Structure formats: C-alpha cells, structure tokens
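Dropping the structure in here first, questions after.
In what follows, residues are counted from 1 in the order of the sequence shown. All of these numbers come straight from a predicted model, not from anything done at the bench.
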Amino acid sequence: TYEAKGTDEDFANFNKAFTNSIKKNPGEVTTGTFTLKKGGTMLTYTIKVTYVAPDQVTINGKSYHTLNEAIAAAEAGATIDIADDFTSKDKVVFGKSMTLNIGDHNVNITDGITASGAGVELTINGDNGGITAGSGGDYTCITAEQGAKVTINGGNFNVGADANGLGNSCVYVTGDANVVINGGTFA
C-alpha cells in the first residue's frame, strides 16, 4: 500500500515500487493499492497484475511463450528459434525431427532437452548462447534416446552436480540413439 498526496512525483514513486514488486514467474499475481488524495477527496485504486512470460521462441516468425508450446505446434522438420533468454522447469522432449537455433541466448532448462524416438533428428545450432540444466539431482543437458539422433553445431552446454556433489552427464546417449558433436563447449 502506498499513500500519496497526488503529485506526479508521488505517482512515479508508487509506480517504481509497484513495478519492482511484480512477481516474475508466469501465472503469479501481484496486487497493490494506491491511495491518492486530490483536494479533499481520497481516491483508492487497486491494481492486480498477472505476469505473462515474454515470447521465448519463434517458428517462422510466429511467437510462442514456451519451448514446449512451440514443439507441440510445430510440424516435423520445423526450425525453432530461441527469441530470448529464459528459464523452464518443464521437461522438454522433441518427439519429431526439428532444428533448434539457440543463437546467443542462454536457456536454463532444469531437466535439459531430450530427443526421443526412432527416426527423430534434432539439430542444435548455437553461437555464444547455450543450455544449462539443473543441479542437485539426476539431470542431463542433452539426452538422445530410443533411436533418436542429435547433431550439435556449437553453443555452450552445462549441467550442475548431482545431489552428492558429483557430476551429471552433459550429453547422455542410451540404446541405439546417436549424437554427433561438430562444435560447442560442454561442462
């Protein structure tokens, strides 16, 4: 709650304080009350803001809020471009062939990225950006499983230590899956 005497400076101070208090996780709500005294009248405004994540990815110029939303909407063979840095706690699985262009963006995905399924080909192109997976659990940055093929053409890929402080796998390949690394850094 912020009380003001009604000057432009008072409103600017309220606006700054309220903006700084807005929660930054999608779906979270911030509520604030602004009371303004104009002449002899007290005016009270209640403001409610629901945070909506900025568009994280694009496919052919169409924006999507999340990587999973883009994957679900994409046709096999589509190219997904990362549009902004973001953090996701959602599991990300590519079950159809696609190209993921990271560019210079940094993406934090707790469970990393998985390509899964016979015939699925995922190509990851990165410049100075990359993917960072979680720490403190059993995480991988990039997983290829069930016959999928992943080709990595640059980027920075990192994963934190497990719950015992030991290393997790930055790139993990199971069964008849395949990974081709043409560049990048891995830690």
Minimum heavy-atom separation for Ser88 to Asp90, with atom names?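 Heavy atoms of Ser88 and Asp90 come nearest at OG-N, 3.1 Å.
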Dump the intermediate steps for side chain to side chain contact (heavy atoms under 4.5 Å, CB included) on Val180 and Ile152, then the final yes or no. CA-CA 6 Å; Val180 176; Ile152 302 169; over 6 Å; no
About how many Å separate OG of Ser63 and CD of Gln56, when rounded to the nearest 0.5 Å?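 The distance works out to 11.0 Å.
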How far apart are the closest heavy atoms of Asn178 and Val173, and which atoms are they?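 Smallest heavy-atom distance, with atoms named: N-CG1, 4.1 Å.
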A quick test of your reading: do over 12 heavy atoms of other residues, nucleotides or ligands sit less than 6.0 Å from CG of Asp138?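 Open.
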Heavy-atom side-chain proximity of Phe186 to Ile181 below 4.5 angstrom: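 Answer yes - side chains close enough.
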Acceptor/donor pairs from residues 118-132 side chains to any protein atom, 3.5 angstrom cut, sequence neighbours excluded:
{"from": "Asn125", "atom 1": "OD1", "to": "Asn153", "atom 2": "ND2", "distance (Å)": "2.9"}
{"from": "Asn125", "atom 1": "ND2", "to": "Asn101", "atom 2": "OD1", "distance (Å)": "2.8"}
{"from": "Asn128", "atom 1": "ND2", "to": "Asp104", "atom 2": "OD1", "distance (Å)": "3.4"}

Indicate the atoms forming the closest heavy-atom contact of Asp84 with Phe86, along with that distance.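 Smallest interatomic distance, heavy atoms only, reads O-CD2, 3.4 Å.
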Do Tyr64 and Ile80 have side chains that approach each other closer than 4.5 Å (heavy atoms only, starting at C-beta)?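 Answer no - side chains too far apart.
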Going by atom type alone, with no hydrogens or angles, which donor-acceptor pairs under 3.5 Å involve a side-chain atom of residues 105-117 and a protein atom two or more places apart or on another chain?
{"from": "His105", "atom 1": "ND1", "to": "Asp85", "atom 2": "OD1", "distance (Å)": "3.2"}
{"from": "Ser116", "atom 1": "OG", "to": "Glu145", "atom 2": "OE2", "distance (Å)": "3.0"}
{"from": "Ser116", "atom 1": "OG", "to": "Gln146", "atom 2": "OE1", "distance (Å)": "3.2"}

Looking at Phe94, is Lys96 sitting on its ring face, NZ or CZ under 6.0 Å from the six-membered ring centre and within 45 degrees of the normal?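 Here Lys96 fails the 6.0 Å and 45° test against Phe94.
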Sequence neighbours excluded and cut-off under 3.5 Å, please list the side-chain donor-acceptor pairs for residues 158-171, or say none.
{"from": "Asp162", "atom 1": "OD1", "to": "Asn164", "atom 2": "N", "distance (Å)": "2.9"}
{"from": "Asp162", "atom 1": "OD1", "to": "Gly165", "atom 2": "N", "distance (Å)": "3.1"}
{"from": "Asp162", "atom 1": "OD1", "to": "Leu166", "atom 2": "N", "distance (Å)": "2.8"}
{"from": "Asn168", "atom 1": "OD1", "to": "Tyr139", "atom 2": "N", "distance (Å)": "3.4"}
{"from": "Asn168", "atom 1": "ND2", "to": "Gly137", "atom 2": "O", "distance (Å)": "3.0"}
{"from": "Asn168", "atom 1": "ND2", "to": "Gly160", "atom 2": "O", "distance (Å)": "2.8"}

Would you kindly confirm whether Val179 and Ile102 end up in one hydrophobic cluster when ILVMFWY residues are joined by side chain heavy atoms under 4.5 Å apart?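 In one cluster: yes.
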Given side chains that start at C-beta, do those of Asp81 and Ile59 come closer than 4.5 Å, heavy atoms only?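 They are not in side-chain contact.
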For Phe157 and Ile142, what are the C-alpha separation, side-chain angles and deciding distance, and is it a side chain to side chain contact (heavy atoms under 4.5 Å, CB included)? CA-CA 8 Å; Phe157 304 93; Ile142 299 169; 3.6 Å; yes
Counting C-beta onward and ignoring hydrogens, is there a side-chain heavy-atom pair between Met98 and Leu100 closer than 4.5 Å?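 No - every pair of side-chain heavy atoms lies 4.5 Å or more apart.
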